[in-house]
Structures are given as structure tokens and as C-alpha cells.
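So the structure is just underneath, and the comments pick up after that.
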Amino acid sequence: DQQVKQNSPSLSVQEGRISILNCDYTNSMFDYFLWYKKYPAEGPTFLISISSIKDKNEDGRFTVFLNKSAKHLSLHIVPSQPGDSAVYFCAASASNQFYFGTGTSLTVIP
Amino acid sequence: DTGVSQDPRHKITKRGQNVTFRCDPISEHNRLYWYRQTLGQGPEFLTYFQNEAQLEKSRLLSDRFSAERPKGSFSTLEIQRTEQGDSAMYLCASSLDGYDNQPQHFGDGTRLSIL
């Protein structure tokens with residue numbers, strides 16, 4: 001069963017515009033949510049996280065929003081840069097077990 | 001480089017052989033995780049350790065899979081009697097144990113190919 005879902009396999013955005021990546025989850029016990037970025041032939045790199053007691057966390061160009069009632073998570077990147085082109089995974093955790101989505105491939109067009 | 005290190009980066013073996021992968025976590029991290037990732041999927045949690053204690057292993061894929069972390073530092077993941085379906089990327093991650101949630105830091109993985 002896929003407890004974390006990323007329904008958009010790919011996204012293309014113009015440089016300088018906002019990128020919005022979405023993630024849905026089913027397990028209400030999840031209490032910690034993360035976004036990872038992955039380049040080919042490398043392991044995922046941690047980007048930003050949010051605890052279930054918050055609804056927003058911001059770090060530079062990256063902002064994560066959490067809507068617990070909708071069981072929805074989103075990552076906003078603004079402004080988008082060509083170096084942001086990668087696969088983005090959202091993940092959720094309960095009791096130190098982590099569940100990942102299938103990823104969204106972001107392409108930022110110069 | 002003080003990141004998570006995995007060895008080997010690639011492993012090619014014949015079906016039925018045993019394979020062992022090694023993971024060296026970030027030195028001060030006491031939690032260590034193993035994942036499997038197949039094409040088009042996200043990482044799939046397998047097991048995790050806190051120091052030398054294996055706290056969750058029910059999600060190991062079968063009894064052919066086992067993991068150890070004998071001294072609470074590096075860890076090994078062994079797959080016995082490999083099958084074609086074991087072909088995947090095996091990822092290791094580590095994190096700090098603390099009062100707050102801590103993100104995991106991943107290595108670059110070991111890619112296993114079963115002939």
C-alpha cells in the first residue's frame with residue numbers, strides 16, 4: 001500500500017517562476033514530513049522538513065506547507081533555478097519508519 | 001568527506017549467490033537505516049538500527065535478507081540466494097537520535113544487478 005503519493009511524475013517550470021510540488025498521505029499517525037532532492041547516480045539529499053505541529057516551514061527559496069486536515073504536503077521553490085532540476089521525493093515518518101513517495105521530476109527551463 | 005559511505009557502488013552477481021553490502025554512517029549518527037529503491041519508485045524502508053540494536057526488521061523483504069550493526073558503527077546488509085527480483089539500488093541512511101525529529105542523510109547507494 002502506498003501511504004505517501006506524489007501524483008505528478010513530472011513538472012516543467014520556467015526559470016524565475018515558482019515550482020509547486022505536491023504530496024498526499026493516508027496515515028494520520030505520520031508526525032514528521034520531509035522533502036528530498038535526488039540527482040542521477042546520487043543518493044537523496046535532504047532539503048527541508050516539517051513537524052506535524054506546524055503548518056509551514058521556510059528555508060531560503062524552499063517552503064514546505066502542511067495541511068493535516070487534507071493530509072496534503074507541498075513544496076514551493078521560488079524563484080526556480082536550472083540547478084533545481086532533479087527528482088523530488090516527499091517522505092513521511094511515524095515511529096522512526098519512513099515512507100517515501102514515487103517522486104516528481106522537476107525541470108526548470110532557462 | 002564525512003557523509004554516508006556505501007561499498008561497493010555496483011555489484012553484479014549470478015542468481016543464487018550471496019551478496020553483502022557495507023554502510024559507514026556519519027560518525028556521530030547513532031541511527032542507521034537500509035532502503036531498497038527500484039526504478040520509478042521511492043526508497044522502500046527495510047530496517048533500522050539505533051546503535052547496535054535492530055529496532056525494526058519486520059519490513060525486510062524476506063528471510064533471505066538480514067542486516068547487522070555489531071559495534072554500533074558500520075552496518076552490513078546481506079542477501080542470500082539472490083533472485084532476479086533483488087536487482088535494485090540499496091540505500092543506507094543515518095541520522096542523529098534526539099528529542100526532535102531528525103532528517104536522514106543518505107549515501108549514494110549500492111546498485112545490485114542479478115544475472
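Labels below follow one simple rule: chain letters A, B, ... track the order of the sequence lines, proteins then strands, and each chain is numbered from 1. Just so it is clear, the model here is predicted, and its values are computed rather than measured.
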Could you please spell out the steps behind the side-chain contact (heavy atoms from CB on, under 4.5 Å) verdict for A:Phe89 and B:Gln37? CA-CA 12 Å; A:Phe89 292 98; B:Gln37 186 175 17; 3.3 Å; yes
Practice item. Decide side-chain contact (heavy atoms from CB on, under 4.5 Å) for B:Tyr35 and A:Phe100; before the verdict, give the C-alpha distance in whole Å, the side-chain angles of both, and the deciding distance to 0.1 Å. Key: CA-CA 10 Å; B:Tyr35 290 83; A:Phe100 283 75; 3.6 Å; yes
**Report entry** B:Glu83: salt bridge (charged side-chain N to carboxylate O under 4.0 Å, His left out) partners, not counting sequence neighbours
**Finding:**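 Checked B:Glu83 against salt bridge (charged side-chain N to carboxylate O under 4.0 Å, His left out); matches are B:Arg64.
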Any side-chain heavy-atom pair of A:Asn96 and B:Arg31 under 4.5 Å: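 Touching, per the 4.5 Å side-chain cut-off.
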Check whether any side-chain heavy atom of B:Leu91 sits under 4.5 Å from a side-chain heavy atom of A:Pro44, and report yes or no.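 Yes, close enough: below the 4.5 Å cut-off.
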When hydrophobic residues are tied together by side-chain contacts of less than 4.5 Å, even through go-betweens, does [X] share a cluster with [Y]?
{"X": "A:Leu21", "Y": "A:Val64", "value": "yes"}
{"X": "B:Trp34", "Y": "B:Met89", "value": "no"}
{"X": "B:Leu46", "Y": "B:Tyr48", "value": "no"}
{"X": "B:Val19", "Y": "B:Leu77", "value": "yes"}

Correct closest heavy-atom pair for B:Pro103 and A:Tyr32 would be N-OH, 3.3 Å
Heavy atoms of B:Asp108 and A:Glu42 approach each other most closely as OD1-CA, 3.5 Å
Should we say atom [atom1] of [X] is surrounded by more than 12 heavy atoms from elsewhere, each under 6.0 Å from it?
{"X": "B:Leu39", "atom1": "CG", "result": "no"}
{"X": "B:Glu68", "atom1": "CD", "result": "no"}
{"X": "A:Arg17", "atom1": "CZ", "result": "no"}

Step by step, would you call A:Thr45 with B:Phe106 a side-chain contact (heavy atoms from CB on, under 4.5 Å)?
CA-CA 7 Å; A:Thr45 301; B:Phe106 282 83; over 6 Å; no
Okay, B:Arg9 and chain A: the region with an atom under 4.5 Å from a heavy atom over there is side chain
If one checks every heavy atom of B:Gln41 against chain A at 4.5 Å, the contacting part turns out to be both
Distance col, row A:Phe46:CZ vs B:Ser95:OG, nearest 0.5 angstrom, shows 11.0 Å
**Prompt:** So A:Tyr99 and B:Phe45, side-chain contact (heavy atoms from CB on, under 4.5 Å) or not? Walk me through it.
**Reply:** CA-CA 7 Å; A:Tyr99 296 79; B:Phe45 174 87; over 6 Å; no
query = For B:Gln104, does its backbone N or O pair with a side-chain atom of A:Tyr36 as donor and acceptor, under 3.5 Å?
reply =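 The answer is yes, because a donor-acceptor pair under 3.5 Å joins these two groups.
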